[in-house]
Enquirer: 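Sharing a structure, written as structure tokens. Questions coming.
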Protein chains: 2
Amino acid sequence: MTNAPKLSDQLCFAAYSFTHALNRAYRPLLEPLGLTYPQYLVMLVLWEADGQTVKEIGERLKLDSGTLTPLLKRLETIGYVSRRRGKADERQVIVHLTDDGRSLSDKAAGIPVELGCAMGAELGEIADLRERLLAMRDRLGETGCAIGEAEG
Amino acid sequence: MTNAPKLSDQLCFAAYSFTHALNRAYRPLLEPLGLTYPQYLVMLVLWEADGQTVKEIGERLKLDSGTLTPLLKRLETIGYVSRRRGKADERQVIVHLTDDGRSLSDKAAGIPVELGCAMGAELGEIADLRERLLAMRDRLGETGCAIGEAEG
DNA sequence: CGAAATTTAATTGCGCGCAATTAATATGGG
DNA sequence: CCCATATTAATTGCGCGCAATTAAATTTCG
């Protein structure tokens with residue numbers, strides 16, 4: 001019993017439960033747009049650059065086609081994107097915003113403001129946290145190591 | 001387009017993708033134990049205090065019975081826990097470790113070490129990040145606010 | 001005491017996330 | 001040119017998370 005890892009020590013659990021809390025906080029804000037949080041992330045990617053392939057979207061969000069294909073089909077069904085095979089390379093599926101999808105960005109503009117407020121954190125702290133989480137994420141993707149000392 | 005939120009600005013996405021990276025990092029470590037990451041979290045809770053109700057476990061992990069009931073049934077099937085209705089209050093289901101479940105903590109002892117190493121972060125930084133994420137999580141659970149300025 | 005309100009788990013339905021497999025297209029070497 | 005290999009999406013299967021509902025036991029209060 002004494003050698004068991006402690007929940008309270010774990011950064012992992014903190015990140016896990018913070019993420020779920022964020023998801024819950026986003027839900028009522030995204031519900032009027034008809035989007036889930038992962039769908040919102042895809043829209044963010046497309047608002048930055050329209051006409052990306054499934055693979056490109058996946059690289060940006062670290063998601064694979066098993067997740068993206070059904071998600072994109074739902075976005076297509078509700079009329080925010082179109083999916084077309086690429087002309088040059090027919091393996092690719094290129095995702096374009098519809099007019100509805102493009103204009104949705106106006107309605108979404110206030111969301112980060114509301115969320116940042118709900119978190120009750122300074123802009124600087126938010127940016128700092130973000131950088132550190134992304135850095136750790138990228139380090140986790142690498143080979144790993146043999147022995148160390150820290151809590152998971 | 002210019003008013004659309006930017007993915008790169010978002011703490012939310014950083015936390016989201018960090019959590020998924022953690023999940024992927026845990027998988028090969030937990031696979032020999034026969035556990036998923038959420039199942040591992042439940043085991044952590046039980047290693048700290050055996051014989052908790054579903055509600056107590058849920059409060060600790062911020063999960064509801066819709067998630068926990070099937071998860072606990074799987075843990076019961078593989079033989080790590082038992083589930084029994086409480087004698088005093090038959091609404092409750094009390095979860096106990098089996099001998100196998102208890103002794104599993106030895107095999108799990110090295111996991112936080114490996115993870116901490118894979119993240120390549122100092123102990124102090126990890127503790128600091130953890131506190132900040134939990135504090136923000138708890139703030140998100142509260143009422144929210146009207147107007148503010150920060151990125152979600 | 002007894003009906004209403006509350007608490008506790010279980011159930012249902014849906015959308016991720018991801019591993020593994022499949023199918024179709026493109027590329028490169030002999 | 002043709003076959004082996006790569007790449008790209010789609011599909012399948014499973015385990016979360018969570019909202020909403022249901023069912024059963026308990027508590028509260030008139």
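In what follows, every chain begins at residue 1, and chains take the letters A, B, ... in the order their sequences are listed.
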Enquirer: Paired with C/dA20: which nucleotide, if any, by Watson-Crick or G-U wobble criteria at under 3.5 Å for both distances?
Expert: D/dT11
Enquirer: Within the pair B/Y16 and C/dG17, is there a side-chain N or O less than 4.0 Å away from OP1 or OP2?
Expert: yes
Enquirer: Relative to the 5' end of DNA chain C, which residue comes earlier, A/K87 or A/L71, by the nucleotide with the nearest heavy atom?
Expert: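 This one resolves to A/L71.
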Enquirer: Hey, could you give me the CG/CZ distance between B/D128 and A/R132, rounded to the nearest 0.5 Å?
Expert: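 Separation between the atoms: 5.0 Å.
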Enquirer: Is any side-chain N or O of B/Q92 closer than 4.0 Å to OP1 or OP2 of D/dT26?
Expert: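 Looking at the OP1 and OP2 atoms of D/dT26, neither is under 4.0 Å from any side-chain N or O of B/Q92.
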Enquirer: Is A/R27 salt-bridged to A/E31, cutoff N-O under 4.0 Å?
Expert: no
Enquirer: What's the CD1-C1' distance between A/I57 and D/dT8, to the nearest Å?
Expert: 13 Å
Enquirer: Counting only side-chain heavy atoms from C-beta out, which of C/dC16, C/dC18, C/dA10 sits nearest to A/P38?
Expert: C/dC16
Enquirer: Sort out the partner of C/dC1 for me: Watson-Crick or G-U wobble, both distances under 3.5 Å, none otherwise.
Expert: D/dG30
Enquirer: Write down the distance between CD (A/Q39) and C1' (C/dG15), rounded to a whole number of angstrom.
Expert: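 Going from A/Q39 (CD) to C/dG15 (C1'), I get 8 Å.
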Enquirer: Start with the C-alpha distance between B/L140 and B/M136, add both sets of side-chain angles, then the distance that settles side chain to side chain contact (heavy atoms under 4.5 Å, CB included), and finish with yes or no.
Expert: CA-CA 6 Å; B/L140 277 174; B/M136 272 202 238; 5.5 Å; no
Enquirer: Looking only at side-chain N and O atoms, does B/R85 come under 4.0 Å of OP1 or OP2 in D/dA25?
Expert: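 No, B/R85 has no side-chain N/O under 4.0 Å of OP1/OP2 on D/dA25.
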Enquirer: Taking OP1 and OP2 of D/dG17, is either one under 4.0 Å from a side-chain nitrogen or oxygen of A/Y37?
Expert: no
Enquirer: What is the distance from CG of B/L63 to P of D/dG15, rounded to the nearest Å?
Expert: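 For the pair B/L63 CG and D/dG15 P, the rounded distance is 16 Å.
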Enquirer: Nearest whole Å is fine: how far is D/dG15 P from B/E31 CD?
Expert: 13 Å
Enquirer: Ignoring backbone atoms, test whether A/T53 places a side-chain nitrogen or oxygen under 4.0 Å from the OP1 or OP2 oxygen of D/dA9.
Expert: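 Yes, A/T53 has a side-chain N/O under 4.0 Å of OP1/OP2 on D/dA9.
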Enquirer: Please determine whether side chain to side chain contact (heavy atoms under 4.5 Å, CB included) holds for the pair B/L35 and B/L75, giving the CA-CA distance in whole Å, both sets of side-chain angles, and the decisive distance to 0.1 Å.
Expert: CA-CA 8 Å; B/L35 295 175; B/L75 287 179; 3.7 Å; yes
Enquirer: According to a strict under-4.0 Å criterion, is B/T69 in side-chain N/O contact with OP1 or OP2 of C/dT11?
Expert: no
Enquirer: Expressed as a whole number of angstroms, how long is the span from A/L75:CG to C/dG15:P?
Expert: 11 Å
Enquirer: More 5' along DNA chain C: B/E56 or B/H20, using each one's nearest nucleotide?
Expert: B/E56
Enquirer: In terms of side-chain heavy atoms of B/K73, which of C/dA9, C/dT11, C/dA10 is nearest?
Expert: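 For B/K73, the side-chain atoms sit closest to C/dT11.
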Enquirer: Would you call B/R60-B/E56 a salt bridge at under 4.0 Å N-O?
Expert: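 Salt bridge absent between B/R60 and B/E56.
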Enquirer: So B/L68, base contact, sugar-phosphate only, or nothing? Heavy-atom distance under 4.0 Å.
Expert: nothing
Enquirer: Does any N or O in the side chain of A/R137 come within less than 3.5 Å of the main-chain N or O of B/S17, such that one atom is a donor and the other an acceptor?
Expert: no
Enquirer: What form does the base of C/dA5 take, syn (within 90° of 0) or anti?
Expert: anti
Enquirer: Identify the pairs formed between an N or O of the protein and an N or O of nucleotides 19-25 of chain C at a distance under 3.5 Å, and give each distance.
Expert:
residue : atom : partner : partner atom : Å
C/dA19  : OP1  : B/R27   : NH1          : 3.2

Enquirer: Would you say the side-chain atoms of B/S65 pair up with the backbone N or O of B/L68, donor to acceptor, closer than 3.5 Å?
Expert: no
Enquirer: How close or far is atom P of D/dT7 from atom CD of A/E59, stated in whole angstroms?
Expert: 12 Å
Enquirer: Keeping B/E76 on the side-chain end and B/R83 on the backbone end, is there a donor-acceptor pair under 3.5 Å?
Expert: yes
Enquirer: Let me know the distance between CG of B/L72 and P of D/dG15, rounded to the nearest Å.
Expert: 14 Å
Enquirer: Measure from CG on A/N23 to C1' on C/dC16 and round the result to the nearest Å.
Expert: 9 Å
